[in-house]
Amino acid sequence: MTDSTINNAQPAEGFPVGCGVWVPHPELEWVSADVVSDNKDTVVVTDEEGQEMTVPRAKVYLKNPEILENSADLAALSLMYEPHILHNLHSRYNRNMIYTYIGKILIAMNPYARIPIYGKEMINAYYGKPIGALDPHVYAIAEDAFKDMRAEGTS
């Protein structure tokens, strides 16, 4: 995206004072902040730690509505740019939700720990269920593939 590009995460009329946004951070990639003022080329924001910073307007993105936090399917996000995707994945990972869909594609993040999401009980839970009926899981993808193989008579 170029600095002159306006998108649906960067309102042409400007960022309203107090609205939640994502801004770049040198160590954390993106941090949540609230708009203090919006000038022509820059936006002044205050981050969650109360630090005020001036950010180029092209690098500021509106946040998704809170109701979309921890979305099981990234395709459901109203705004889907880098900070939105990374925040959603990070938020789900912190809740041991290591699987997330993006449509029919499954994103898996290694938890580097044992979590009780496998076994016969889980296989049975996903058996016969369409993608999206339950939380994202590798078993849902396998069930969907198996259903398609049965319907098409091929492997």
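In this chain, residues are counted from 1 in sequence order. Just so it is clear, the model here is predicted, and its values are computed rather than measured. FYI, side chains are in, hydrogens and waters are out, and symmetry mates aren't considered; it's all heavy atoms of this structure.
Lys129 contributes a side-chain N or O that, together with a main-chain N or O of Ala125, makes up a donor-acceptor pair within less than 3.5 Å. A donor-acceptor pair under 3.5 Å is formed between the side chain of Gln10 and the backbone N or O of Val60.
At least one side-chain heavy atom of Val35 sits under 4.5 Å from a side-chain heavy atom of Val43. Counting heavy atoms from C-beta on, the side chains of Cys19 and Val17 never come closer than 4.5 Å. Glu52 has its side chain within reach of Val44: a pair of non-hydrogen atoms, C-beta onward, lies under 4.5 Å apart. Contact check for Leu68 versus Ser78: side-chain heavy atoms found under the 4.5 Å cut-off. Looking only at side-chain heavy atoms (C-beta outward), His84 and Asn88 stay at 4.5 Å or farther from each other. Counting heavy atoms from C-beta outward, Pro136 and Asp73 have side chains that stay 4.5 Å or more apart.
Residues meeting the ring pair (Phe, Tyr, Trp, His ring centres under 6.0 Å) test with Tyr139, sequence neighbours left out: His137. With sequence neighbours excluded, the residues forming a side-chain hydrogen bond (donor to acceptor under 3.5 Å, both in side chains) with His87 are Glu69, listed by chain and number. Residues that satisfy the salt bridge (charged side-chain N to carboxylate O under 4.0 Å, His left out) test with Arg150, not counting sequence neighbours, are Glu143.
A chain of hydrophobic side-chain contacts below 4.5 Å, direct or via other Ile, Leu, Val, Met, Phe, Trp or Tyr residues, connects Leu79 to Phe15. A continuous path of hydrophobic side-chain contacts links Tyr61 to Leu86 [ILVMFWY only; heavy atoms under 4.5 Å]. Linking ILVMFWY residues whenever their side-chain heavy atoms come closer than 4.5 Å, directly or via other members, places Val138 and Ile98 in the same cluster.
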Quick one: side chains of residues 102-123, donor-acceptor pairs under 3.5 Å with protein atoms, not counting sequence neighbours, listed by atom name and distance.
| from | atom 1 | to | atom 2 | distance (Å) |
| --- | --- | --- | --- | --- |
| Lys104 | NZ | Asp144 | OD2 | 2.9 |
| Asn110 | OD1 | Tyr112 | N | 2.8 |
| Tyr118 | OH | Tyr99 | OH | 2.6 |

Which pairs would a plain distance check flag for residues 21-34, meaning a side-chain donor or acceptor within less than 3.5 Å of a matching protein atom at least two apart in sequence or in another chain?
| from | atom 1 | to | atom 2 | distance (Å) |
| --- | --- | --- | --- | --- |
| His25 | ND1 | Glu27 | N | 3.0 |
| His25 | ND1 | Leu28 | N | 3.0 |
| Trp30 | NE1 | Glu82 | OE2 | 3.3 |
| Ser32 | OG | Lys63 | NZ | 2.8 |

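Of all heavy-atom pairs between Thr100 and Ser71, the closest is CG2-O, 3.9 Å. Across Glu49 and Asp47, no two heavy atoms sit closer than the pair N-OD1, 2.9 Å.
Taking CG of Asp135 as the reference point, atom CG of Asn70 lies at 10.5 Å (rounded to 0.5 Å). Once rounded to the nearest 0.5 Å, the distance linking CD1 of Ile141 with CZ of Phe146 reads 15.5 Å. Separating the CD1 atom in Ile85 from the CG atom in Asn64 is a distance of 10.0 Å, to the nearest 0.5 Å.
In this structure, Met97 shares a hydrophobic cluster with no other residue, the cluster being traced through Ile, Leu, Val, Met, Phe, Trp and Tyr side chains under 4.5 angstrom apart.
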Walk me through whether Tyr101 and Leu74 qualify under side-chain contact (heavy atoms from CB on, under 4.5 Å).
CA-CA 6 Å; Tyr101 293 126; Leu74 294 175; over 6 Å; no
